[in-house]
Number of protein chains: 2
Amino acid sequence: MSRKRWRSVKEIRIADVARLAGVSTATVSRVLSDPDKVRKKTHDLVMEAVRRSGYIPNSTAQKLRTRRTMNVLVVAPRLTNPVFAEVLRGVDDELTESGYGIIIGNLDNRREREARYVDLALSRQVDGVLLLTGYIPGNGRRSMKEAGLPIVGMCAAIDDRSIPNVVVQDRESARRAVEYLVRLGHRRLGYISGTIGSIIETERYAGFCEGIAEAGLGAADFVRWEGPFVFSTGVAAAEGFLQMKERPTGIFAACDESAIGFIKRVRAERIRVPQDVSVIGFDGIEFADYTEPALTTFRQPLYELGRTGADVLMRMIGGEMRPEDWSIRLEPTLLERGTTGPVLHKDFASLRRSRM
Amino acid sequence: MSRKRWRSVKEIRIADVARLAGVSTATVSRVLSDPDKVRKKTHDLVMEAVRRSGYIPNSTAQKLRTRRTMNVLVVAPRLTNPVFAEVLRGVDDELTESGYGIIIGNLDNRREREARYVDLALSRQVDGVLLLTGYIPGNGRRSMKEAGLPIVGMCAAIDDRSIPNVVVQDRESARRAVEYLVRLGHRRLGYISGTIGSIIETERYAGFCEGIAEAGLGAADFVRWEGPFVFSTGVAAAEGFLQMKERPTGIFAACDESAIGFIKRVRAERIRVPQDVSVIGFDGIEFADYTEPALTTFRQPLYELGRTGADVLMRMIGGEMRPEDWSIRLEPTLLERGTTGPVLHKDFASLRRSRM
DNA sequence: TCGATTTTTGTAATCGATTACATCTTGAGG
DNA sequence: CCTCAAGATGTAATCGATTACAAAAATCGA
């Protein structure tokens, strides 16, 4: 039982430094925060005392007095998702430059966790909130807003017009994905969803449907498989695919992971990609560069998204929002690579012309 | 110029609640933290006032007074690395259960960032520190320890015997990887490194060398390629590999990413895995399940590592360390999958027997 | 050198909770 | 009904900084 009391070592306070330097605490504070306000000589005296004592201000006391925590809460649906990790990197870089820290709010796809982070925000542990998720429900957001907390949404079309939103054009890009598949000759499509109920999924599916409509196709021309944003969703979709008699020839997956899972599974049954079935993903995770062949996908400007969102939040906190910050949309770029190609023998039209 | 002052809305204080309920602030405080200490009737009275006013305690004030921040700093070398993301998930689950929050210290592989997080810790913004990295240098760690801050290392063999360490058996597993390749008949090996100077790399390479020695091989029997823990390191290694006349037949990569990068590149040159070259990775990231064939690798118990480390830290903070918490080693498991196999034609011995 | 002005420094209030200690209630037992 | 212990509540100090305001010191021009 090696019981041992941690903490409670020395703890140097500003008063100690003041005594050591023979000045008042006010002067020490000024030296540290606004050096121009004190005489050079006093400044040096105090700094020497600070150095000698190894004083570091207690930031909790600072926070209480100044009412600024220099922390931001970042709520993300799931940390291990590389998409969010990359956004977070952008956020981190931007915030660090402004001297802000990140408190992580990881929902890990569990809604019960929302409340915890709403409370955390409301108990003034942070100066602002970055929502990488649509999960925090309306009333949570509302109470944060009522508390005067700056919030920036970074999730496709959070349905709340009253908070600034920095997003990637999910819907429009999903529409373009369909357009792209149709241009390659695909007429029977498949849609692999993301987490049902998530806004990202909703947007992407809406875009998919727009694309279907624009191509003059209808509900009978595509099949939809559901599941969360993970590899195994693609595998499950593949199982469904394999059991169909008239299989789709073009698959749009709402995320790269499921696209990859799908491909892996159908390959095991000797179905070739893209000859037998074309697959397009979404997100452009690094991993998608290393599948064979490399996955065709929409690459989102994730890092930039993170930086931009954080920048807007910093502006809100600083009280200087510009109207053009209110709603920012970034555009993904289509990476045409190896998993998509023109329709071959499996398509009706082609069948008529050439067999196999 | 939509300038607008955020924050500064209502701000309900404990005094407001007290007035509303007709009691003192002390009583309100007690109701909220230690309900058994007050009479039922007063309790209800106060709770009603809390509800009506929507009071939420200012956690900064609480922290100052109680000298507990209920936050932990987690320093990681790089967020986008799925390995750390997974560890972080374990940490998060454990800490959340104890009511602790996470402040993220992302070094993003840049050493300059260390200082920032040491300061953050020393300014008492957190009650403890979890080091997922060996980067924080000795003097940083020392000052944190002197400040009485509980620290737990979660990085292979942080060279500091004075802080508890929860680690995965990197070295031993690397040794076993070599043993495994040798058992398959491989005599010419390749080693793809991780970030030079990182402790993880150092350990894994040491284990690799141990394995080489145990197999009765020497420095002439393997080649080493260097680079950070990323996909492209494997690609670069493959370039080197391709230019050799007598190529290794068994490759150990210090991380799955570089193993995958390697495979992707050599495949492009029609080299078959595992027939022409066996590849074994390290980490067992989820992605490695979805390559074709699935990557042979050592899967680290990352989630468990995170939970355990966080648990030990909680113990330290609570002042109840057990001796067996001091140093914990978790064991990775070998996943024998599709990228390794017995030596075929490329090996000297085999060549003698059968051509091609 | 003096007074007015500016610059520098100090005093003490403040941020919003917790909690030691004092005081007042309550209820049991005589 | 009274006493006394136990329990409930209130008062005020405290955590460690920042900062408004007051006071002191330095600077300047005449």
Side-chain angles (χ1 to χ4, degrees), chain A residues 7-47 49-50 53-70 119-120 122-125 127 147-148, chain B residues 7-47 49-50 53-70 119-120 122-125 127 147-148:
Chain A
R7 183 57 65 114
S8 75
V9 186
K10 35 190 177 183
E11 266 347 55
I12 300 124
R13 299 181 324 291
I14 198 172
D16 302 321
V17 178
R19 195 171 329 109
L20 203 64
V23 299
S24 74
T25 62
T27 300
V28 176
S29 176
R30 278 188 282 254
V31 167
L32 262 32
S33 58
D34 200 352
D36 307 333
K37 283 242 180 305
V38 308
R39 216 172 9 169
K40 174 95 173 56
K41 204 177 132 198
T42 337
H43 174 272
D44 296 346
L45 201 67
V46 169
M47 284 313 281
V50 167
S53 61
Y55 170 69
I56 293 183
N58 179 319
S59 77
T60 303
Q62 292 180 311
K63 290 186 216 286
L64 177 59
R65 179 60 229 232
T66 63
R67 308 167 73 56
R68 275 189 285 104
T69 66
M70 299 304 278
D119 278 357
L120 190 145
L122 291 178
S123 63
R124 274 139 289 185
Q125 299 196 45
D127 298 338
Chain B
R7 184 60 62 120
S8 75
V9 184
K10 38 189 174 184
E11 259 3 45
I12 299 124
R13 300 180 325 291
I14 197 172
D16 302 322
V17 179
R19 196 170 330 110
L20 204 63
V23 299
S24 74
T25 63
T27 299
V28 176
S29 177
R30 278 188 282 254
V31 167
L32 261 32
S33 58
D34 199 353
D36 307 333
K37 284 241 182 304
V38 308
R39 212 168 16 163
K40 175 90 173 56
K41 203 176 133 202
T42 337
H43 174 271
D44 294 347
L45 202 66
V46 170
M47 285 313 282
V50 167
S53 61
Y55 169 69
I56 292 183
N58 179 320
S59 78
T60 302
Q62 292 179 313
K63 290 186 216 289
L64 177 59
R65 178 61 229 236
T66 62
R67 306 167 76 57
R68 275 189 284 104
T69 67
M70 301 303 280
D119 278 358
L120 190 145
L122 291 178
S123 63
R124 275 140 289 184
Q125 298 196 48
D127 298 338

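As the structure is a computational prediction, the values presented were derived from the model and not from experiment.
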Close approaches to DNA chain C from residues 35-45 of chain A, in residue order (heavy atom, under 4.0 Å): A:Val38, A:Arg39, A:Thr42
Shortest non-hydrogen contact between B:Met70 and B:Asp127, atoms and distance: N-OD2, 2.8 Å
Considering all heavy atoms, the nearest A:Leu64-B:Thr60 contact: N-CG2, 3.4 Å
Where chain A begins and ends its contact with DNA chain D, read 5' to 3' at 4.0 Å from heavy atoms: D:dG16 to D:dA26
Residue pair B:Val50 / B:Val46, side-chain heavy-atom distance below 4.5 Å: yes
B:Arg124 vs A:Glu11 side-chain heavy atoms within contact, under 4.5 Å: yes
Where A:Ile12 and A:Ser53 come nearest, the two heavy atoms and their spacing: CD1-O, 3.0 Å
Position toward the 5' end of DNA chain C (nearest nucleotide), A:Leu64 or B:Val28: A:Leu64
A:Leu122 versus A:Ala147, closest heavy-atom pair with distance: CD2-CB, 3.7 Å
Which residue lies more 5' along DNA chain D, comparing A:Ser29 with B:Thr27 via nearest heavy atoms: B:Thr27
Validation row: B:Lys41, B:Leu45 side chains within 4.5 angstrom (heavy atoms): no
Please list, pair by pair, any protein nitrogen or oxygen found under 3.5 Å from a nitrogen or oxygen in nucleotides 22-24 of chain C.
none

Least distance between heavy atoms, A:Val28 atom then A:Ala18 atom: CG2-CA, 3.7 Å
CA sep, side-chain torsions, deciding dist, call: A:Met47, A:Leu32, side-chain contact (heavy atoms from CB on, under 4.5 Å): CA-CA 8 Å; A:Met47 284 313 281; A:Leu32 262 32; 4.0 Å; yes
Atom of A:Val31, atom of A:His43 and distance for their closest heavy-atom approach: CG1-CD2, 3.7 Å
